[in-house]
Amino acid sequence: FCRSFKVLLWTLAAFALVFSPSLVRDQELPPICSNVRQKHRLSIDTLPPEVKAPFPSDPIIPLRTKTTKEFQEDMEHALQSGDWREVREFYLTTFDSFIEINAAFKREANGLFNTIEDSGVNTKFVNAVYDALLNTPQDIQKSVLKGIINSLLREWKGPRTKDDLRAYFILVQNPQYSSTSTYVIYAHLLRQIAALSEADHHFLVHWFKKLSARRFRQLVERLLQFISTRLFPAEPDEFPPLSKCAWWIPSATKVLSLFNAANSVSSPPIMSFTDFYNITLEHIDFMEDYRSWQNYGNSNRFSFCQFPFILSTVVKKAIIQKDSEQQMISQARQSLVSKVSRRQRVDMNLLFLNIKVRRAQLLSDSLDELTRKRCDLKKKLRVTFVGEAGLDMGGLTKEWFLLLVRQIFHTDYGMFTYMKDSRCHWFSSWKCDNYSEFQLVGTLMGLAVYNSIALDIHFPLYCYRKLLTPPTVPCDQNALVGMANATLDDLQQIMPELAHGLGELLSYEGNVEEDFYLTFQVFQEEMGVVKSYNLKPGGDKIPVTKQNRKEYVQLYVDFLLNKSIYKQFAAFYHGFHSVCASDALMLLRPEEVEMLVCGSPELDMSALQKAAQYEGYSKTDATVRCFWDVVLAFPLELQKKLLHFATGSDRVPVGGMADLNFKIAKIDVPTDWLPISHTCFNQICLPPYRTRKELKQKLTIAISNAEGFGLE
């Protein structure tokens with residue numbers, strides 16, 4: 001009886017081990033009862049062979065030998081013959097489980113592929129299978145979706161392996177998710193991906209980075225379409241109310257953040273998503289979305305502003321412009337209420353930032369005006385040139401910016417150094433007691449963005465990265481600003497020859513100390529005087545060697561781009577943010593700030609011709625046809641002068657030529673008159689010239705002498 005009882009106990013123990021998923025293979029069983037001594041505790045290793053049950057090992061992936069070429073041949077045969085049996089069997093088997101997905105698409109069925117650099121997926125085969133899927137009969141497409149549902153339900157519990165990650169990586173690329181009928185399946189797939197561990201997400205992000213730009217774009221657009229359609233259904237009853245189905249929002253948000261992480265390391269950015277805006281723009285109030293983002297921050301409440309990489313520069317500009325307008329209105333309202341509350345006479349000038357300058361003393365007058373009216377910087381800008389009758393409806397403001405920038409960046413003035421090799425300006429490192437003029441330049445740039453004016457400024461991209469470090473002014477007045485991490489690539493943008501020399505130092509194979517004879521001390525010319533600076537304490541006595549040359553290069557680059565110009569750039573930074581103190585700046589990449597400040601230098605006169613409007617003329621009139629023949633044949637310099645003549649600026653706004661609202665109007669005056677422009681309205685007025693030669697002569701004279709304003 002005792003022997004039978006022991007066998008029974010061993011058998012029960014074996015069953016408990018086999019069928020209990022919570023027990024580990026080598027883990028001992030707990031005591032049968034509390035009075036059993038420790039040495040009698042059982043483990044699976046003490047069981048007799050006859051009652052031992054094998055533990056389930058990791059599943060072995062079956063061997064599938066179909067190649068991309070064979071699959072494409074099967075598809076071609078099916079399309080020609082109508083016999084889909086081979087293709088149907090392939091799709092039915094492949095998407096039946098995660099194991100089968102790996103069997104079909106993994107380059108080596110039982111290879112590990114446990115690195116972030118290589119997913120182990122035969123990408124070419126995956127693309128071929130998905131490209132063909134939408135061309136198959138409906139029953140095949142339904143069988144794929146059914147297999148995915150079963151796979152997701154079957155694989156929901158238990159720890160994740162790299163094969164599971166590969167299956168998710170492959171499944172999320174399925175083009176069927178573009179259809180709203182598949183959104184329930186897609187939502188559950190997103191939920192499972194979102195529930196993965198941070199380590200698993202890290203793998204997926206790096207695998208997404210390996211996708212081609214087109215495939216990655218399609219991947220993101222499907223998710224964006226899913227989000228926008230669920231948030232803004234075409235039919236009110238198409239989806240349940242958000243309050244009843246909001247469970248998918250955190251999942252979609254998390255997966256979108258993975259795409260964001262995969263995209264953020266790409267340069268240039270992969271996506272502009274014009275197609276996405278065609279889908280969603282008519283539904284979305286981006287200002288409402290922006291305010292929601294401001295109020296709720298990083299909560300689970302969905303906001304497109306949480307993922308600025310999906311917003312185009314045009315949309316970001318619109319957000320900043322609307323935000324600026326609201327700040328202008330708020331500032332003007334405060335001034336108005338203040339006057340009324342003190343029972344003072346209300347002057348409409350208090351609603352504007354009124355700048356009054358003399359052309360002969362443009363820089364000093366502008367500096368005085370901006371310093372004196374610092375409290376009004378967030379009001380609408382209005383410029384008056386002393387002694388001129390021009391009324392500022394936008395044109396005088398543009399000319400003020402143009403002339404001021406031209407004077408500030410002149411090499412004789414000394415604030416900025418023009419780098420001939422990189423064709424950009426950089427901050428002069430000379431030291432002084434007052435950096436207010438650098439603050440003026442920053443304020444000027446801020447006013448340009450705030451008032452939607454494009455400037456002809458040539459800063460390197462690194463300057464705009466510094467301007468966003470941090471994107472909002474820190475509360476601590478002693479906090480460092482503009483100290484962006486500087487690399488040799490950043491120096492390459494500004495001082496390419498020096499960057500090349502430092503690159504040679506890093507790759508030099510000989511004796512660095514004896515051949516270069518450098519120390520951690522550098523020399524810099526300031527106002528004709530050469531000064532020395534130690535890159536680290538005692539740097540003049542520390543030789544540069546093969547072991548410390550990386551440190552030397554890093555310290556030298558940081559010195560040139562950050563420390564040597566810190567006070568100049570800090571003044572510039574605070575000047576810019578004194579006007580553009582907005583959370584919307586956090587949405588911008590450095591290149592987008594550059595676009596907002598400078599506009600686009602690319603002049604496409606054909607696009608301007610397509611977008612042009614006419615008053616008194618039609619596009620088929622002889623004068624108009626001659627005008628465009630002449631303009632399209634102009635060299636670039638004359639085209640810029642024409643743009644400046646008509647709009648007050650030779651820069652193209654972020655939205656392109658169509659955003660200029662350019663108009664050609666007819667003026668009934670003798671043909672010996674020159675063309676007239678109204679820069680406030682981007683309008684050029686042409687007399688009815690009879691010949692192309694006459695129009696070209698008069699137009700060239702007008703655009704070459706287009707400085708100053710007057711009234712008829």
Side-chain angles (χ1 to χ4, degrees), residues 287 290-291 293-298 305-306 308 316-317 319-332 334 353 366-367 369-381 408 415-416 426-427 434-453 455 457 459-486 490 558 561-598:
M287 277 310 296
Y290 169 66
R291 284 190 290 269
W293 172 66
Q294 281 183 302
N295 293 333
Y296 295 98
N298 294 323
C305 289
Q306 288 175 305
K316 291 176 186 177
K317 181 193 174 185
I319 290 174
I320 290 176
Q321 197 168 347
K322 288 288 185 183
D323 190 44
S324 300
E325 289 172 2
Q326 289 174 1
Q327 291 186 47
M328 289 178 186
I329 293 169
S330 175
Q331 193 78 14
Q334 289 177 18
L353 169 59
S366 298
L367 183 60
E369 286 281 272
L370 291 175
T371 303
R372 192 161 49 86
K373 298 177 179 177
R374 189 168 297 170
C375 295
D376 295 334
L377 290 177
K378 286 183 177 285
K379 294 180 181 178
K380 179 69 176 175
L381 179 61
I408 286 172
M415 286 180 67
F416 298 93
W426 191 242
F427 295 78
N434 187 359
Y435 295 95
S436 58
E437 291 183 348
F438 286 99
Q439 187 165 359
L440 167 65
V441 181
T443 303
L444 194 69
M445 273 182 50
L447 284 172
V449 173
Y450 197 67
N451 290 272
S452 302
I453 305 291
L455 301 180
I457 288 179
F459 281 132
L461 187 61
Y462 180 69
C463 175
Y464 299 99
R465 184 142 62 85
K466 285 170 69 69
L467 208 53
L468 294 176
T469 310
T472 56
V473 179
C475 298
D476 182 2
Q477 294 183 353
N478 297 320
L480 296 177
V481 296
M483 297 292 285
N485 182 40
D490 297 319
D558 185 58
L561 302 187
N562 286 321
K563 292 179 180 176
S564 67
I565 59 162
Y566 178 75
K567 290 184 178 179
Q568 294 89 323
F569 192 87
F572 175 80
Y573 173 94
H574 286 293
F576 179 83
H577 287 275
S578 66
V579 186
C580 287
S582 170
D583 291 336
L585 286 178
M586 289 189 280
L587 304 176
L588 300 176
R589 300 191 305 269
E591 54 268 31
E592 291 172 327
V593 179
E594 181 182 26
M595 185 74 78
L596 289 177
V597 171
C598 304

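In this text, all values refer to a predicted model and were calculated from it rather than measured experimentally.
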Partners of K567 by salt bridge (Lys or Arg N to Asp or Glu O under 4.0 Å), sequence neighbours excluded? none
What's the separation between atom CG in N485 and atom CG in L561, rounded to the nearest 0.5 Å? 10.5 Å
Euclidean distance, I408 CD1 relative to L440 CG, rounded to 0.5 Å: 4.5 Å
Can you list the residues that meet the salt bridge (Lys or Arg N to Asp or Glu O under 4.0 Å) rule with E437, with sequence neighbours excluded? none
Counterpart residues, salt bridge (Lys or Arg N to Asp or Glu O under 4.0 Å), relative to K380 (two or more places apart): none
Starting at CG of L596, measure out to SG of C580 and round the result to the nearest 0.5 Å. 9.0 Å
Grab the two heavy atoms, one from A479 and one from Y566, that are nearest each other, plus how far apart they are. O-OH, 4.1 Å
Determine whether F569 and V481 make a side-chain contact, defined as any pair of heavy atoms from C-beta on separated by less than 4.5 Å. no
Can you name the residues that form a side-chain contact (heavy atoms from CB on, under 4.5 Å) with S436, not counting sequence neighbours? L367, N434
Under the side-chain hydrogen bond (donor to acceptor under 3.5 Å, both in side chains) rule, what pairs show up with a residue in residues 569-579, not counting sequence neighbours? none
Partner set under side-chain contact (heavy atoms from CB on, under 4.5 Å) for N478, not counting sequence neighbours: D476
What I'd like to find out is whether the side chain of F427 reaches to under 4.5 Å of the side chain of F416, using heavy atoms alone. yes
Are the side chain of R465 and the backbone of A486 linked by a donor-acceptor contact shorter than 3.5 Å? no
Ignoring hydrogens, what is the shortest heavy-atom contact between L468 and P590? Give both atom names and the distance. CD1-N, 3.8 Å
Taken in chain and number order and not counting sequence neighbours, the residues that satisfy salt bridge (Lys or Arg N to Asp or Glu O under 4.0 Å) with E594 are none
Results of ring-ring contact (aromatic ring centres under 6.0 Å, His included) for Y464 - residues two or more places apart only: none
Who passes side-chain hydrogen bond (donor to acceptor under 3.5 Å, both in side chains) against K563, sequence neighbours left out? none
Please determine whether side-chain contact (heavy atoms from CB on, under 4.5 Å) holds for the pair V441 and F576, giving the CA-CA distance in whole Å, both sets of side-chain angles, and the decisive distance to 0.1 Å. CA-CA 8 Å; V441 181; F576 179 83; over 6 Å; no
Are L447 and L370 side-chain neighbours, meaning at least one heavy-atom pair lies under 4.5 Å? yes
Closest non-hydrogen contact found for F572 with C463 is CE2-SG, 4.2 Å
If every non-hydrogen atom of L587 is compared with every non-hydrogen atom of E592, which pair is closest and at what distance? O-OE1, 3.8 Å
Close side-chain approach of F459 to C598, heavy-atom, < 4.5 Å: no
Measuring only between side-chain heavy atoms, which start at C-beta, is L353 closer than 4.5 Å to L377? yes
N562: which residues meet the side-chain hydrogen bond (donor to acceptor under 3.5 Å, both in side chains) condition with it, sequence neighbours left out? Y462, K466, D558
Do I320 and Y450 have side-chain heavy atoms sitting under 4.5 Å apart? no
Taking only residues two or more places apart in sequence, or in another chain, which ones meet Q439 in a side-chain contact (heavy atoms from CB on, under 4.5 Å)? T443, A571
Results of side-chain hydrogen bond (donor to acceptor under 3.5 Å, both in side chains) for T371 - residues two or more places apart only: none
Rounded at 0.5 Å granularity, tell me how far CG in L588 sits from CE in M595. 11.5 Å
